[in-house]
**Q** 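Just dropping this structure here.
Both backbone and side-chain heavy atoms feed into the values below; hydrogens, waters and symmetry mates do not. Residue numbers start from 1 in every chain, and the chains themselves are labelled A, B, ... in the order their sequence lines are given, proteins ahead of strands.
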There are 2 protein chains.
Amino acid sequence: MIETFAALAEPNRFRIVELLRAGPRAVNEIGESLHLNQPQVSKHLRVLKDVGLVGVQARAQQRLYELRGQRLRELHDWLERYRDLWDARFDDLDDLIEELTEKEKSDDRRKGN
Amino acid sequence: MIETFAALAEPNRFRIVELLRAGPRAVNEIGESLHLNQPQVSKHLRVLKDVGLVGVQARAQQRLYELRGQRLRELHDWLERYRDLWDARFDDLDDLIEELTEKEKSDDRRKGN
DNA sequence: CAGGCATATGCCTTGATGAGCATATACGCG
DNA sequence: CGCGTATATGCTCATCAAGGCATATGCCTG
């Protein structure tokens, strides 16, 4: 889980993942699309592959990288455990609470709580 | 999005988030539960708060940190765009493809593709 | 099997970040 | 209002990861 987060936390890696959502790509294609040097692309793909976010498929001297669902599904499963936190309208309430908390500070002071 | 990933990519921060799933906690409680020094807890909470994963609520000299849903919901929304990738049984297929790819390498060699 | 293309790896430098410790700030209480 | 508790911040050190460049490896073609 943490490894997945770490992999996706890197901007260029995130862009690669987003790009691969459209389908498999060769290393040079990725590099051109995202304006990255080839070695960097390879290195990032290595990380993504080690984590299991992508898989490779060799075609001639090219390597087609494709997104894999496994880790994303795990991410989803993890998120599910927090569903009650965000599935409701809690978020807007949070904002309210935040504001009220500020207010309480002065209230507390007044009533000596 | 990336900031959320970065925040969750740190092991101790991840543990804090998991802990806060059970409900709001004061800084010292978190520290004791996770065996972390107080300054570290504060620093991690700072990051989590800056990213918006947690909110604070002051009570006396304590600060109760609580998980917020916003960022997790965004994460969920982002994942949704990849749903077709993991919602099906594609994953097992990926494993197959991986294996077949290895096999193809020799096949290609034989048939001179 | 030599040359060329596609990709991977190694090395170096640099910036970011976490841990630890000391210390500052905030707040309630006597 | 001074003291103790709860939390935040500053500083330093060590680690790590990303970018750039050079180069190695793999594979195809003539």
**Q** Other residues, nucleotides and ligands only: do more than 12 of their heavy atoms fall within 6.0 Å of CD on Glu3(A)?
**A**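 Counting neighbours around CD of Glu3(A), 12 or fewer heavy atoms of other residues, nucleotides or ligands fall under 6.0 Å, so no.
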**Q** Expressed in angstrom and rounded to an integer, what is the separation of Leu36(B) atom CG from dT17(C) atom P?
**A**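 Answer to the nearest Å: 19 Å.
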**Q** Quick one: does Arg13(A)'s side chain have a donor or acceptor within less than 3.5 Å of a partner on Ala7(A)'s backbone?
**A**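 Checking the backbone N and O of Ala7(A) against the side chain of Arg13(A), a donor-acceptor pair under 3.5 Å is found.
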**Q** Could you write nucleotides 1-11 of chain D as a row of B, S and -, 5' to 3', where a protein heavy atom under 4.0 Å of any base atom gives B, of only sugar-phosphate atoms gives S, and otherwise -?
**A** ---BBSBBBBB
**Q** Measure up the Trp78(A) and Phe5(A) rings against each other and bin them: parallel (under 30°), tilted (30 to 60°), perpendicular (over 60°).
**A**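 Correct class here is perpendicular.
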**Q** Mind calculating the distance between CD (Glu3(A)) and C1' (dA17(D)) to the nearest angstrom?
**A**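 Spelled out: CD on Glu3(A) to C1' on dA17(D) is 15 Å.
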**Q** How many Å lie between CD1 on Ile2(B) and P on dT17(C), as a whole number?
**A**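 Result: 13 Å.
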**Q** Got a sec? Which of residues 9-17 of chain B come in under 4.0 Å of DNA chain D, heavy atoms?
**A**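 Here the set is empty: none.
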**Q** Between His44(B) and dA19(C), is there a side-chain N or O to OP1/OP2 distance below 4.0 Å?
**A**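 For dA19(C), OP1/OP2 do have a side-chain N/O of His44(B) under 4.0 Å.
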**Q** Just jot down the side-chain hydrogen bond (donor to acceptor under 3.5 Å, both in side chains) partners of Thr4(B), sequence neighbours excluded, or say none.
**A**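 Partners of Thr4(B) under the side-chain hydrogen bond (donor to acceptor under 3.5 Å, both in side chains) test: none.
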**Q** Tell me every residue that passes salt bridge (charged side-chain N to carboxylate O under 4.0 Å, His left out) with Glu18(A), counting only those two or more places apart in sequence or in another chain.
**A**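 Scan of Glu18(A) (salt bridge (charged side-chain N to carboxylate O under 4.0 Å, His left out), adjacent residues dropped) gives Arg81(B).
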**Q** Expressed in angstrom and rounded to an integer, what is the separation of Asn37(B) atom CG from dA22(C) atom P?
**A**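 The answer, rounded to whole Å, is 12 Å.
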**Q** NZ of Lys49(A) versus C1' of dA8(C): gap in Å, rounded?
**A**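 Atom-to-atom, Lys49(A) to dA8(C), this comes out as 11 Å.
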**Q** Applying salt bridge (Lys or Arg N to Asp or Glu O under 4.0 Å) as the test, list every pair that has at least one member in residues 31-47 of chain A; sequence neighbours left out.
**A**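 Qualifying pairs, neighbours excluded: Arg46(A)-Asp50(A).
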**Q** Whole-Å distance between dG20(C) P and His35(B) NE2?
**A**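 Roughly 14 Å, once rounded to whole Å.
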**Q** Can you tell me how the ring of His76(B) sits relative to the ring of His76(A), calling it parallel under 30°, perpendicular over 60° and tilted otherwise?
**A**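 Tilted, since the angle between the ring planes falls between 30° and 60°.
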**Q** Please name all residues satisfying side chain to side chain contact (heavy atoms under 4.5 Å, CB included) with Ala6(B), sequence neighbours left out, ordered by chain then number.
**A**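 Ala9(A).
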